[in-house]
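The structure under discussion appears below in the form of structure tokens.
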Amino acid sequence: MASKIFSRLYTSSSLARNAQITNGFIGAIGNTPLIRLNRLSEETGSEILAKAEFMNPGGSVKDRAALFVVKDAEEKGLIKPGGTVVEGTAGNTGIGLAHVCRAKGYKCVIYMPNTQSQEKIDLLRMLGAEVYPVPAVAFDNPQNYNHQAARHAESLDNAVWTNQFDNTANRRAHIETTGPEIWAQTEGKVDGFTCATGTGGTLAGIARYLKEKKGDDVKVYLADPPGSVLHSYFQTGGKLFERSGSSITEGIGQGRVTDNLKPDVGIIDGSFTIPDEDSIKMLYRLLDEEGIYVGASSALNVVAAVELAKKLGKGKTITTILCDGAYRYQSRLFSKLK
């Protein structure tokens, strides 16, 4: 059931729009394709559409947030030429920041949990970032990677901690770019959006934009991995935080409501919890059936998109995010291929 909005994919006008010269690395961020997942669309009787954020120049959705938090620091005079950007990140925001910093002439320092894939650490160092993998501890522990990043920035001259979790420039990136792109690519015919959240910026920003355009006619659902409290939070109306289990996914799930998510809690319509088993099955389905090679968080988002399609009924247009490519997790997710 291919929608008319995709029939013009190769018209001369659409090719002209996508063939423009961009202004360096930064100019190439955003305007990613919206991919119809053919097999899943046929199975559900709805359009399952996934934003190909792995096609950003730094390889993930976090390129958008990285650019906006650095621009925010510049606009506020928090960093001057030759300065240092410091961030706590599970990897992808750090990779985006490392690219943006090199493009803008800044140094980059990254603190990250030592549970993250070696591929991410190696890539960050290759990009010139100074990387500190530290023990993974809860946010309320002073040794949490975010707090260590903040202290590192405070110890330097001409340095800024970009604070991706609570810096709402992150959310603004998706209000100003990702949300409008989804709206334009679907010609406003979007009935549902779902994705997981780490910082909350992607979910909240896109939710805010789509709800302002279409109100209650578009449903927005959080997708949550095991070990995160947010599904419990939304299911109980904010009365309960319950953490149970752990997940193979990286960079998603949360133990608190961040400042990026907080303004938009009231417009989220519901939530799903997605078992790792379902995410891994979908990861291989996307590779085997669609030829799309993505990480576990992207696969989780697609599982949630299918669940939302079932919930809303046939004939709907459901959108989600393909966060990054699987090459950043190859040793962890595809070890059986060795």
Side-chain angles (χ1 to χ4, degrees), residues 51 53 61-62 64-65 68-69 72 88-90 92-93 138-140 144 146 162-183 190-245 247 249 251-274 297 300-301 303-305 307-309 311-312 316 318-321 323:
K51 199 88 163 86
E53 292 297 288
V61 64
K62 293 297 189 176
R64 298 178 188 261
F68 269 67
V69 295
D72 181 69
T89 168
N92 278 337
T93 302
F139 183 78
D140 58 7
N144 176 274
N146 286 293
T162 44
N163 189 16
Q164 61 160 330
F165 287 89
D166 295 308
N167 181 345
T168 56
N170 175 347
R171 170 178 172 267
R172 182 160 52 88
H174 301 285
I175 295 174
E176 294 186 11
T177 69
T178 327
E181 289 170 30
I182 290 171
W183 183 260
V190 55
D191 302 296
F193 174 78
T194 182
C195 75
T197 181
T199 65
T202 304
L203 178 70
I206 293 172
R208 174 57 58 183
Y209 184 84
L210 294 180
K211 288 287 189 178
E212 287 182 351
K213 296 295 287 188
K214 205 168 183 178
D216 201 43
D217 288 336
V218 60
K219 301 299 183 184
V220 178
Y221 273 63
L222 164 80
D224 220 24
S228 175
V229 305
L230 293 179
H231 174 67
S232 174
Y233 177 83
F234 279 103
Q235 291 298 307
T236 60
K239 297 177 182 177
L240 175 68
F241 284 86
E242 180 180 322
R243 185 185 289 273
S244 176
S247 177
T249 59
I252 57 172
Q254 187 52 265
R256 65 188 180 96
V257 176
T258 64
D259 285 356
N260 277 294
L261 183 57
K262 196 175 297 181
D264 301 303
V265 164
I267 65 173
I268 305 301
D269 296 291
S271 63
F272 303 112
T273 184
I274 308 296
S297 58
L300 180 147
N301 285 347
V303 175
E307 290 300 310
L308 186 54
K311 189 173 187 68
L312 298 186
K316 304 297 185 182
I318 310 299
T319 55
T320 192
I321 300 292
C323 314

For the atom pair [atom1] ([X]) and [atom2] ([Y]), what is the distance rounded to the nearest 0.5 Å?
{"X": "Lys51", "Y": "Thr178", "atom1": "NZ", "atom2": "OG1", "result": "7.0 Å"}
{"X": "Tyr209", "Y": "Ile182", "atom1": "OH", "atom2": "CD1", "result": "10.5 Å"}
{"X": "Asp224", "Y": "Phe272", "atom1": "CG", "atom2": "CZ", "result": "12.0 Å"}
{"X": "Ile206", "Y": "Leu210", "atom1": "CD1", "atom2": "CG", "result": "7.0 Å"}
{"X": "Glu53", "Y": "Glu181", "atom1": "CD", "atom2": "CD", "result": "7.0 Å"}
{"X": "Leu203", "Y": "Ile268", "atom1": "CG", "atom2": "CD1", "result": "4.0 Å"}

Is there a donor-acceptor pair under 3.5 Å between the side chain of [X] and the backbone N or O of [Y]?
{"X": "Thr319", "Y": "Gly192", "result": "yes"}
{"X": "Thr258", "Y": "Leu261", "result": "yes"}
{"X": "Asn170", "Y": "Gln164", "result": "yes"}
{"X": "Ser228", "Y": "Gln254", "result": "yes"}
{"X": "Asp166", "Y": "Asp259", "result": "yes"}
{"X": "Asp269", "Y": "Val220", "result": "yes"}
{"X": "Thr93", "Y": "Lys62", "result": "no"}
{"X": "Asp191", "Y": "Ile318", "result": "no"}

Closest contact, heavy atoms only, [X] versus [Y]:
{"X": "Asn301", "Y": "Ile321", "answer": "ND2-O, 2.9 Å"}
{"X": "Tyr221", "Y": "Thr194", "answer": "O-OG1, 2.8 Å"}
{"X": "Arg256", "Y": "Val229", "answer": "N-CG2, 4.0 Å"}
{"X": "Pro180", "Y": "Thr177", "answer": "CD-O, 3.2 Å"}
{"X": "Arg171", "Y": "Asn260", "answer": "N-OD1, 3.1 Å"}
{"X": "Thr202", "Y": "Cys195", "answer": "CG2-SG, 4.1 Å"}

Audit row: Val61, His174, side-chain contact (heavy atoms from CB on, under 4.5 Å) steps and yes/no: CA-CA 10 Å; Val61 64; His174 301 285; 3.9 Å; yes
Ionic contact status for Asp264 with Lys211, cut-off 4.0 Å: no
For Thr89, all residues meeting side chain to side chain donor-acceptor pair (under 3.5 Å), sequence neighbours excluded: none
Audit row: Arg172, Asp72, side-chain contact (heavy atoms from CB on, under 4.5 Å) steps and yes/no: CA-CA 10 Å; Arg172 182 160 52 88; Asp72 181 69; 3.8 Å; yes
Glu176 and Phe68: CA distance, side-chain angles, deciding distance, side-chain contact (heavy atoms from CB on, under 4.5 Å) verdict: CA-CA 10 Å; Glu176 294 186 11; Phe68 269 67; 3.4 Å; yes
Whether over 12 other heavy atoms sit under 6.0 Å from Lys214 NZ: yes
Derivation of the side-chain contact (heavy atoms from CB on, under 4.5 Å) call for Leu222 and Tyr233: CA-CA 11 Å; Leu222 164 80; Tyr233 177 83; over 6 Å; no
